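Worksheet: the structure to be examined is printed underneath.
In what follows, chains carry the letters A, B, and so on, assigned in the order in which the sequence lines appear, proteins first and then strands, with residues in each chain numbered from 1. Since the structure is predicted, the reported quantities are computational estimates derived from the model, not experimental observations.
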Amino acid sequence: MKYEKLHEWNVSVEEAIKIQNQLRSKIKLMPLKEEKIRYVAGVDLSFPEPNLGYAVIVVIDLFNMSIVENVAAKEKVVFDYIPGLLAFREGPVFLKAWENLKTKPNLVVFDGHGIAHPRGLGIASHMGLWINLPTIGVAKSKLYGFYKGLQQAKWSEVPLLDPSGNQIGIVIRTKENADPIFVSPGHLCDLDSASKIVKKMCLENNRLPEPTRLAHLLTQKIHRR
DNA sequence: GCGACAG
DNA sequence: ATCTTGTCGC
């Protein structure tokens, strides 16, 4: 699959933050055309070695939740992990795998946040601009904002708010006796659309939606053997 | 200075 | 993310 090069990746921490602040204004939040969503991609990375990233992209058919295609790519990573700058560490490897993808997804789900980020540009939003497709961020823990009142019952949910009280995501208990997931739109999608479709993709007693869950399984399988 | 802090 | 087996509980 093709994508648009927006900037260099080999930058300093200060430059990375500037880039995020500049790209933030390009994010477009809008309802998802659900009737046109069929192929959904899930992305996940593993690190066989401290500086070797392995990216896996899985495309599923929303009609039967089965895998349509899956590709992978590995590459040396130079940018250390810094909360808020995840895209600068994982972005390059993801894009390398993206080039091997033949199926064009209607939506891409990332392991991390979308707009629920200090500068409104989590990895899902950032990558959404590069690939110019609808994206959603599904994180396993909070990075920015606050929430309260989440109940223990399965499917209990509360809004994730920024310091000013504006909603930037949804905290959802997708599995009983498990920590919740944090859903936020990345690009070309909005809060309601993201919440609705992610819940639809959370099957059985799984905490994560199928795209991300399956991508993670493959990323670990290729790694652990 | 202190606490928070995606993967 | 990664180092790591069995085990308690739904």
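- In this structure, Ile181(A) reaches neither bases nor backbone, as no heavy-atom distance under 4.0 Å exists between it and the strands shown.
- Put simply, CZ on Phe146(A) is 16 Å from P on dA4(B), counting in whole angstrom units.
- Here dG7(B) presents its P atom at 14 Å from CZ of Phe110(A), a figure rounded to the nearest Å.
- Side chains of Glu99(A) and Tyr3(A): a donor-acceptor N/O pair is present below 3.5 angstrom, by distance only.
- Two rings, from Trp130(A) and His7(A), have their centers less than 6.0 Å apart.
- Closest to the side chain of Asp111(A), out of dT2(C), dG7(B), dA6(B), is dG7(B).
- Remark: C1' of dG7(B) and CZ of Phe79(A) are 13 Å apart, rounded to the nearest angstrom.
- Which of dT2(C), dC5(B), dG7(B) sits closest to the side chain of Gln220(A) comes down to dT2(C).
- Taking a 6.0 Å sphere around NZ of Lys5(A), one finds it holds more than 12 heavy atoms contributed by other residues, nucleotides or ligands.
- Between the CZ atom of Arg89(A) and the C1' atom of dT2(C) there is a distance of 11 Å, given to the nearest Å.
- Among the nucleotides dA6(B), dG7(B), dC5(B), the one closest to any side-chain atom of His117(A) is dA6(B).
- Residues Asp190(A) and Ser193(A) have side chains that bring a donor and an acceptor to within less than 3.5 angstrom of each other.
- Straight-line distance from the CD1 atom of Ile82(A) to the P atom of dA1(C): 18 Å, rounded to whole Å.
- In terms of the side-chain hydrogen bond (donor to acceptor under 3.5 Å, both in side chains) criterion, residue partners of Glu34(A) (sequence neighbours excluded) are, by chain and number, Lys196(A).
- Residue Ser141(A) has a polar side-chain atom (N or O) positioned under 4.0 Å from OP1 or OP2 of dG7(B).
- The backbone N or O of Gly145(A) lies less than 3.5 Å from a partner atom in the side chain of Lys142(A), making a donor-acceptor pair.
- With rounding to whole Å, Glu90(A) atom CD is found 10 Å from dT2(C) atom P.
- Here the closest heavy-atom approach between residue Ile168(A) and residue Leu191(A) is recorded as C-CD2, 3.8 Å.
- Between dA6(B) and Tyr144(A), no contact under 4.0 Å exists linking OP1 or OP2 to a side-chain N or O.
- A close approach under 4.0 Å does occur between a side-chain nitrogen or oxygen of Lys140(A) and OP1 or OP2 of dG7(B).
- Stacking of the aromatic ring of Phe182(A) onto the base of dA6(B) is not found under the criterion of centres within 5.5 Å and planes under 30°.
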Exercise for the section: Kindly indicate, with the supporting measurements, whether the criterion side-chain contact (heavy atoms from CB on, under 4.5 Å) is fulfilled by Asn51(A) and Phe79(A). Expected result: CA-CA 9 Å; Asn51(A) 288 311; Phe79(A) 207 96; over 6 Å; no
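- A straight line from CG of Leu208(A) to C1' of dA6(B) spans 13 Å, rounded to a whole angstrom.
- In this entry the distance linking NZ of Lys154(A) with P of dG9(C) reads 21 Å, nearest Å.
- Residue His216(A) places at least one side-chain N or O under 4.0 Å from the OP1 or OP2 atom of dA1(C).
- Nucleic acid contact class of Gly84(A) (heavy atoms, under 4.0 Å, all strands): base.
- The nucleotide whose nearest atom lies closest to any side-chain atom of Phe47(A) is, among dA6(B), dG7(B), dT2(C), dT2(C).
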Problem - Secondary structure string for DNA chain C (Watson-Crick or G-U under 3.5 angstrom, | for other-strand pairs) - result: ..........
